[in-house]
Amino acid sequence: QGIVLDITSRKKVEKALRKSLEMQKMLKTIINKSPAVAFLWNNIENWPVNFVSENVTQFGYLVEDFLSGNILYGNIIHKEDVQAVVESLARSVREGYDSFEMEYRIFAGDGSIRWVEERTFIQRDIKGEVTQLQGIVIDVTERKEAQKMLDIQRELGVSLSTTWNLQ
């Protein structure tokens, strides 16, 4: 007589794993087609990268550039902005916030300057110590440049109307 094995529970686990893998593939596709680049950083100097989505190519970098440690995220932040980013993030951590948002400039792989908006979730362990930073970085250069043009037009309008009134 043959032994009958009940593999119902194993089949359920396999089905759940298959569904989870399909979901991961779908999320990966969504992220890589979006303008938001996903990052997982270590909360140490210059923020080494543990994970970055493939769409980091929009900034002129490859995933390997960051994962290999050849490029540290802190080193692509514009020199005039890096101190403000360090201080703002440190304040968010110190004051117990679980998120951090900031706009700053980065250098793209080709040396051009891009404005980005970072939105980051600050991950902590049970003791409240920061373990990792998990966030998205979005290129907002076009919006910043459009805003700058509007500001210039507004200033010009004010000075022209003042001149007009004087005449």
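All values reported here derive from a predicted model rather than from experimental measurement. Every heavy atom of this structure was used, including side-chain atoms; hydrogens, water molecules and symmetry mates were not.
Each of Ile138, Asp139, Thr141 was evaluated against Trp115; a single residue qualifies, Thr141, per the side chain to side chain contact (heavy atoms under 4.5 Å, CB included) test. Partner Met26 forms a side chain to side chain contact (heavy atoms under 4.5 Å, CB included) with one of Gln24, Met23, Glu22 and no other, that one being Met23.
The stretch residues 56-69 participates, sequence neighbours left out, in these side chain to side chain donor-acceptor pair (under 3.5 Å) pairs: Ser68-Asn70. Within the structure, the salt bridge (Lys or Arg N to Asp or Glu O under 4.0 Å) test picks out no pair touching residues 122-137 (sequence neighbours left out).
With Thr120 contributing its side chain and Phe100 its backbone, the two residues share no donor-acceptor pair below 3.5 Å.
Hydrophobic clustering, with ILVMFWY side chains joined whenever heavy atoms are under 4.5 angstrom apart, groups Ile122 together with Met102. Ile136 and Val130 end up in different hydrophobic clusters when Ile, Leu, Val, Met, Phe, Trp and Tyr side chains are linked at under 4.5 Å.
Residue-environment remark: CD (Glu95) exceeds the threshold of 12 foreign heavy atoms within 6.0 Å. Other residues, nucleotides and ligands contribute only 12 or fewer heavy atoms inside 6.0 Å of the CZ atom of Arg10.
Here CZ of Phe51 is found 8.5 Å from CG of Leu67. Values are rounded to the nearest 0.5 Å. Note: Arg114 CZ to Glu142 CD = 9.5 Å, rounded to the nearest 0.5 Å. We find the CD-CD distance between Gln123 and Gln132 to be 5.5 Å, quoted to the nearest 0.5 Å.
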Would you give me the side-chain donor-acceptor pairs under 3.5 Å for residues 144-151, sequence neighbours excluded?
unit_1: Lys144; atom_1: NZ; unit_2: Glu103; atom_2: OE1; d: 3.1
unit_1: Gln147; atom_1: NE2; unit_2: Asp151; atom_2: OD1; d: 3.1
unit_1: Asp151; atom_1: OD1; unit_2: Arg154; atom_2: NH1; d: 3.1

